[in-house]
Amino acid sequence: MDHTATDRLRRMTTSAPERPVLFSLAGKRVWVAGHRGMLGSAVVRRLAAEDCEILTADRSVADLRRQDEAEAFVARARPDAIVVAAAKVGGILANSTYPGAFLYDNLMIAANVIEAARRTGVAKLLYVGSSCIYPKLAAQPIVEEALLSGPLEPTNEWYAVAKIAGIKLCEAYRREYGCDFISAMPTNLYGPGDNFDLASSHVLPALLRKAHEAKRAGAAEMVVWGTGTPRREFLHVDDCADALVFLLRGYSDAPHVNVGSGEDVSILELTRLVAGVVGFEGAIVQDTSKPDGTPRKLMSAARLRAMGWSPRIGLEAGVLGTYGWFLKHAAAR
């Protein structure tokens, strides 16, 4: 299972298309903030193919929620570029349970790292946001201009407000100080290194664990939250990392850029796909007393497609590979 998934992903993943290089990574020092997370570790893997030095720092070296520690690390390390993938993340339950922590931690990480980059003259910074920044009822597919055009989804507004602040701080520093700071907004990510804890994970890894445990227990049914009708877009984390490196090298402008697959699927359809990959053959039951969240969230991929980038890992192949990783690294936890 693991080898099959790995081989399929390797065959489907190639380097990003050629594009005029505005920022060369050759010989540069690139700090990936949040390198232990799913996205940060994928960015580290992707940068390993570039001729650059990768810098990392865990919380024991620099707690990015503390301004003095963030600034001290950047001053010592002197990166040429920074990818800000560090964040406190979680699903609906985690956001609802810890609103203060989600708002404070993510505000501080964004403000401290971006300000440290400005103070030390970092040449390039890419801030990573989230598709939850957009209004709950934004027209679909969601274009970048929809930001701040309506109310946010209440179940994740704390995280969204912090991410919006980071985007705007990059824009403001570009305008006031001439900093080459850009922002990218990934859609729902999944893949190796994901969080499979049912109390704090996002929908796809949560479904994988539920289906796996239901199969292992010989359960007749698997209960999932909500009606199953909301539609979500998913992107494999290795595709996202490739897009971020593509933007780091070839994009320099104030507007943030959506990073997504351009396709969505209903939660019920996703549940059936996951059950098929895992091999769970029981009934799928919706607990309609639980919240659905945003009815639909599909981002427009037009801006990034026009630059010449598109994803290469399909959803079924990606879920297959993710389940293989789960079996090897997380199933016993």
Side-chain angles (χ1 to χ4, degrees), residues 21-37 39-40 43-44 47 50 52-89 102-130 133 144 147-148 159-186 241 243-259:
V21 175
L22 301 178
F23 179 80
S24 173
L25 292 170
K28 298 297 198 308
R29 294 162 59 83
V30 184
W31 175 32
V32 181
H35 72 286
R36 291 186 182 278
L39 178 56
V43 173
V44 169
L47 285 172
E50 300 292 328
C52 66
E53 179 182 355
I54 302 168
L55 306 177
T56 61
D58 59 27
R59 190 174 292 183
S60 66
V61 174
D63 184 342
L64 302 183
R65 299 170 300 176
R66 304 291 178 255
Q67 184 178 18
D68 58 342
E69 294 189 28
E71 292 189 0
F73 172 76
V74 176
R76 290 195 310 271
R78 289 287 172 179
D80 300 293
I82 301 175
V83 177
V84 189
K88 183 179 181 66
V89 299
F102 270 82
L103 182 55
Y104 178 85
D105 286 3
N106 287 297
L107 274 174
M108 293 302 101
I109 291 169
N112 292 339
V113 175
I114 293 169
E115 171 65 1
R118 182 193 73 81
R119 283 178 177 267
T120 56
V122 171
K124 188 86 175 191
L125 179 144
L126 192 162
Y127 176 74
V128 181
S130 165
I133 64 171
E144 286 87 348
L147 182 65
L148 298 176
Y159 182 71
V161 166
K163 286 297 181 179
I164 292 169
I167 297 166
K168 290 301 180 182
L169 194 58
C170 286
E171 288 185 18
Y173 278 22
R174 174 178 285 271
R175 178 181 299 182
E176 183 173 352
Y177 304 113
C179 299
D180 190 4
F181 295 174
I182 62 175
S183 299
M185 299 303 112
L244 295 183
V245 172
F246 179 81
L247 290 170
L248 194 66
R249 296 171 71 244
Y251 182 72
S252 179
D253 206 348
H256 63 277
V257 179
N258 289 343
V259 179

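In what follows, residues are counted from 1 in the order of the sequence shown. Hydrogens, waters and symmetry mates play no part in the numbers below; they use all other heavy atoms, side chains included. Quick caveat, the model's predicted, so the values are computed rather than measured.
Val257 has its side chain out of reach of Ile182: every pair of non-hydrogen atoms, C-beta onward, lies at least 4.5 Å apart. At least one side-chain heavy atom of His256 sits less than 4.5 Å from a side-chain heavy atom of Ile133. Residues Asn112 and Leu64 are not in side-chain contact: their nearest non-hydrogen atoms beyond the backbone lie 4.5 Å or more apart. Two residues are said to be in side-chain contact when any heavy atoms from C-beta on lie closer than 4.5 Å; Val30 and Glu50 fail this criterion. Residues Thr56 and Arg36 form no side-chain contact, since every pair of their non-hydrogen atoms from C-beta on lies 4.5 Å or further apart. The shortest distance between side-chain heavy atoms of Met185 and Ile167 falls below 4.5 Å.
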- [ ] Decide side-chain contact (heavy atoms from CB on, under 4.5 Å) for Leu244 and Leu39; before the verdict, give the C-alpha distance in whole Å, the side-chain angles of both, and the deciding distance to 0.1 Å.
- [x] CA-CA 10 Å; Leu244 295 183; Leu39 178 56; 4.1 Å; yes
- [ ] Give the intermediate values and the outcome of side-chain contact (heavy atoms from CB on, under 4.5 Å) for residues Val113 and Trp31.
- [x] CA-CA 11 Å; Val113 175; Trp31 175 32; 4.0 Å; yes
- [ ] Assess whether side-chain contact (heavy atoms from CB on, under 4.5 Å) is satisfied between Leu148 and Lys168, documenting all intermediate values.
- [x] CA-CA 11 Å; Leu148 298 176; Lys168 290 301 180 182; 3.9 Å; yes
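Screening residues 103-113 for salt bridge (charged side-chain N to carboxylate O under 4.0 Å, His left out), with sequence neighbours left out, gives Arg65-Asp105.
Aromatic ring orientation, Phe181 versus Tyr173: tilted (interplanar angle from 30° to 60°).
With rounding to the nearest 0.5 Å, the separation of CG in Leu147 from CD1 in Ile164 is 5.0 Å. Here Leu25 contributes atom CG and Glu53 contributes atom CD; the two are 13.0 Å apart, rounded to the nearest 0.5 Å. Note that the CZ atom of Phe102 and the CG atom of Leu107 stand 13.0 Å from one another [nearest 0.5 Å]. A distance of 12.5 Å separates CG in Leu126 from CZ in Phe246, rounded to the nearest 0.5 Å. Distance check: Leu169 CG to Arg118 CZ gives 9.5 Å after rounding to the nearest 0.5 Å. The CG atom of Asp253 sits 11.5 Å away from atom OG of Ser183, with the distance rounded to the nearest 0.5 Å.
Remark: Phe23 pairs with no residue by the ring pair (Phe, Tyr, Trp, His ring centres under 6.0 Å) rule, at least two apart or across chains.
Ion pair Arg174/Glu171 not flagged as a salt bridge, since none of the NZ, NE, NH1 or NH2 atoms sits closer than 4.0 Å to an Asp/Glu carboxylate oxygen.
Here the closest heavy-atom approach between residue Ala87 and residue Lys163 is recorded as CB-NZ, 3.8 Å. Scanning both residues, Ala162 and Asn106, for their nearest heavy atoms gives CB-CB, 3.5 Å. In terms of heavy atoms, Ser252 sits closest to Lys124 at CB-NZ, 3.8 Å. Contact between Pro186 and Ala184 at its shortest, heavy atoms only, is CD-O, 3.3 Å. For the pair Asp58 and His35, the tightest heavy-atom approach, listed with the atom from each and the gap, is N-CE1, 3.9 Å. Nearest heavy-atom pair across Cys170 and Leu125 is SG-CD2, 3.9 Å.
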Give the table of side-chain donor-acceptor pairs shorter than 3.5 Å for residues 69-76, with sequence neighbours excluded, one pair per line with atom names and distance.
from	atom 1	to	atom 2	distance (Å)
Glu69	OE1	Asp63	N	2.8
Glu71	OE2	Gln67	NE2	3.2
Glu71	OE2	Arg119	NE	3.2

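More than 12 heavy-atom neighbours from other residues, nucleotides or ligands sit within 6.0 angstrom of CZ on Arg66.
Test Val259, Val43, Val83, Val84 against Val128 for side chain to side chain contact (heavy atoms under 4.5 Å, CB included) and you get one pass: Val83.
Between the side chain of Arg29 and the backbone N or O of Ala77 there is at least one donor-acceptor pair closer than 3.5 Å.
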